[in-house]
Undergrad: 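Take this structure, written in structure tokens, and hold onto it; I'll ask about it next.
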Amino acid sequence: AEFSRVIEALPQDEDALAGRGALRVDLAVFRARRGEETEALFRSGVDDFRRAAEAAPHSAIPWIQIGNAKTGWARVEAERGRDPIPLLKDALEAHEHALSIEPGNAHAWLSRASTRRELGEIKESRDDATGLALLVEAELDLEALLRVHPRFVAAWVARGRVLQSIASAR
């Protein structure tokens, strides 16, 4: 409610929009665990992030948030037996856009690699030849990121997961 009041007073406040978007996406994930329908919450969270992106066109952060929200939404869809691939492709596009704005943003690199891993694992499980290529691209993203940020622990963890996925795919 507080975020909405701030947004009502300051409709272009990127922090309030991003905060409300994050709250909505987190609530959607929570409700999904309880078996409730979540599409409207995910959509409204992503819409808030899009408005934040419009308010801050030179920031990669809202685009990273869009991508991460869509990746989380894709996980929920997969758990419900629905096809997560369209959402994961949208997430990749958002991460690509974030990197076009801020090519050195470590979180954008990490998020793109994580989304590529998830998409690659799904495609690999469906015997889609592009699955392994996506996993290799994710590993290359993380390798490049770690050359610049060698102490970024989350990237090392993600790289371990990607290498494990590549080993399983071969």
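Side-chain atoms are counted along with the backbone in the values below, which use heavy atoms only and exclude waters and symmetry mates.
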Undergrad: Would Phe152 end up clustered with Val162 when hydrophobic side chains under 4.5 Å apart are linked, directly or stepwise?
TA: yes

Undergrad: Can you get from Val76 to Leu88 by hopping between Ile, Leu, Val, Met, Phe, Trp and Tyr side chains that sit under 4.5 Å apart?
TA: no

Undergrad: Measure the OG1-CD distance between Thr38 and Glu36 for me, rounded to the nearest 0.5 Å.
TA: 9.0 Å

Undergrad: Any idea which heavy atoms bring Ala91 and Thr115 closest together, and the distance?
TA: CB-CG2, 3.8 Å

Undergrad: By the salt bridge (Lys or Arg N to Asp or Glu O under 4.0 Å) test, which pairs, at least two apart or in different chains, include something from residues 100-117?
TA: Glu96-Arg112, Glu96-Arg116, Arg112-Asp141, Arg116-Glu137, Arg116-Asp141, Arg117-Glu121

Undergrad: Working to the nearest 0.5 angstrom, can you tell me the gap between Leu92 CG and His97 NE2?
TA: 14.5 Å

Undergrad: So which atom in Leu142 and which in Ala113 form the shortest heavy-atom distance, rounded to 0.1 Å?
TA: CG-CB, 3.6 Å

Undergrad: Kindly work out whether a path of hydrophobic side-chain contacts (I/L/V/M/F/W/Y, heavy atoms less than 4.5 Å apart) joins Leu140 to Trp109.
TA: yes

Undergrad: Considering only NZ, NE, NH1 and NH2 on the basic side and carboxylate oxygens on the acidic side, decide whether Asp83 and Arg126 come within less than 4.0 Å.
TA: yes

Undergrad: Taking Glu54 first and then Arg50, would you say they form a salt bridge - that is, a charged N and a carboxylate O separated by under 4.0 Å?
TA: no

Undergrad: Is there a side-chain contact between Phe49 and Val25, using heavy atoms and a 4.5 Å cut-off?
TA: yes

Undergrad: Please step through salt bridge (charged side-chain N to carboxylate O under 4.0 Å, His left out) for the pair Lys89 and Glu93, ending with a clear verdict.
TA: CA-CA 6 Å; Lys89 286 181 176 179; Glu93 287 178 18; over 6 Å; no

Undergrad: Can you check whether Lys123 reaches Ile85 side chain to side chain, under 4.5 Å on heavy atoms?
TA: yes

Undergrad: Hydrophobic clustering (ILVMFWY, side-chain heavy atoms < 4.5 Å, transitive) - are Leu17 and Leu27 grouped together?
TA: no

Undergrad: If every non-hydrogen atom of Arg80 is compared with every non-hydrogen atom of Gly35, which pair is closest and at what distance?
TA: NH2-C, 4.0 Å

Undergrad: What residues, two or more places apart in sequence or in another chain, satisfy salt bridge (Lys or Arg N to Asp or Glu O under 4.0 Å) together with Arg151?
TA: none

Undergrad: Can you name the closest pair of heavy atoms from Gly21 and Asp48 and give their distance?
TA: N-OD2, 3.5 Å

Undergrad: Got a second to check how far Leu135's CG is from Glu139's CD, nearest 0.5 Å?
TA: 10.5 Å

Undergrad: Would you name the heavy atoms of Leu110 and Ala155 that are closest together and state the gap between them?
TA: CD1-CA, 3.9 Å

Undergrad: Search all heavy atoms of Leu132 against all heavy atoms of Ile166 and return the closest pair with its distance.
TA: CD1-CG2, 4.3 Å

Undergrad: Is there a side-chain contact between His95 and Lys70 in this structure, where contact means two heavy atoms from C-beta onward sitting under 4.5 Å apart?
TA: no

Undergrad: Which salt bridge (Lys or Arg N to Asp or Glu O under 4.0 Å) pairs, counting each pair once, include a residue from residues 56-67, with sequence neighbours left out?
TA: none

Undergrad: Charged N to carboxylate O below 4.0 Å: is that the case for Glu39 and Arg43?
TA: yes

Undergrad: So how far is it from Phe30 CZ to Leu23 CG, rounded to the nearest 0.5 Å?
TA: 12.0 Å

Undergrad: When rounded to the nearest 0.5 angstrom, what distance separates CG in Leu87 from OG1 in Thr71?
TA: 8.5 Å

Undergrad: How far apart are the C-alpha atoms of Glu118 and Arg75, what are their side-chain angles, what is the distance that settles it, and do they pass the salt bridge (charged side-chain N to carboxylate O under 4.0 Å, His left out) test?
TA: CA-CA 9 Å; Glu118 290 197 39; Arg75 281 188 210 112; 2.6 Å; yes

Undergrad: Could you give the distance from CG (Leu146) to CH2 (Trp156), rounded to the nearest 0.5 Å?
TA: 5.0 Å

Undergrad: Check side chain to side chain contact (heavy atoms under 4.5 Å, CB included) between Val29 and all other residues, then give those that pass, not counting sequence neighbours.
TA: Arg33, Phe42

Undergrad: What salt bridge (Lys or Arg N to Asp or Glu O under 4.0 Å) pairs are there with at least one residue in residues 56-67, not counting sequence neighbours?
TA: none

Undergrad: For residues 59-67, which side-chain N or O atoms pair as donor and acceptor with protein atoms under 3.5 Å away, sequence neighbours left out?
TA:
| residue | atom | partner | partner atom | Å |
| --- | --- | --- | --- | --- |
| Ser59 | OG | Ile61 | N | 3.2 |

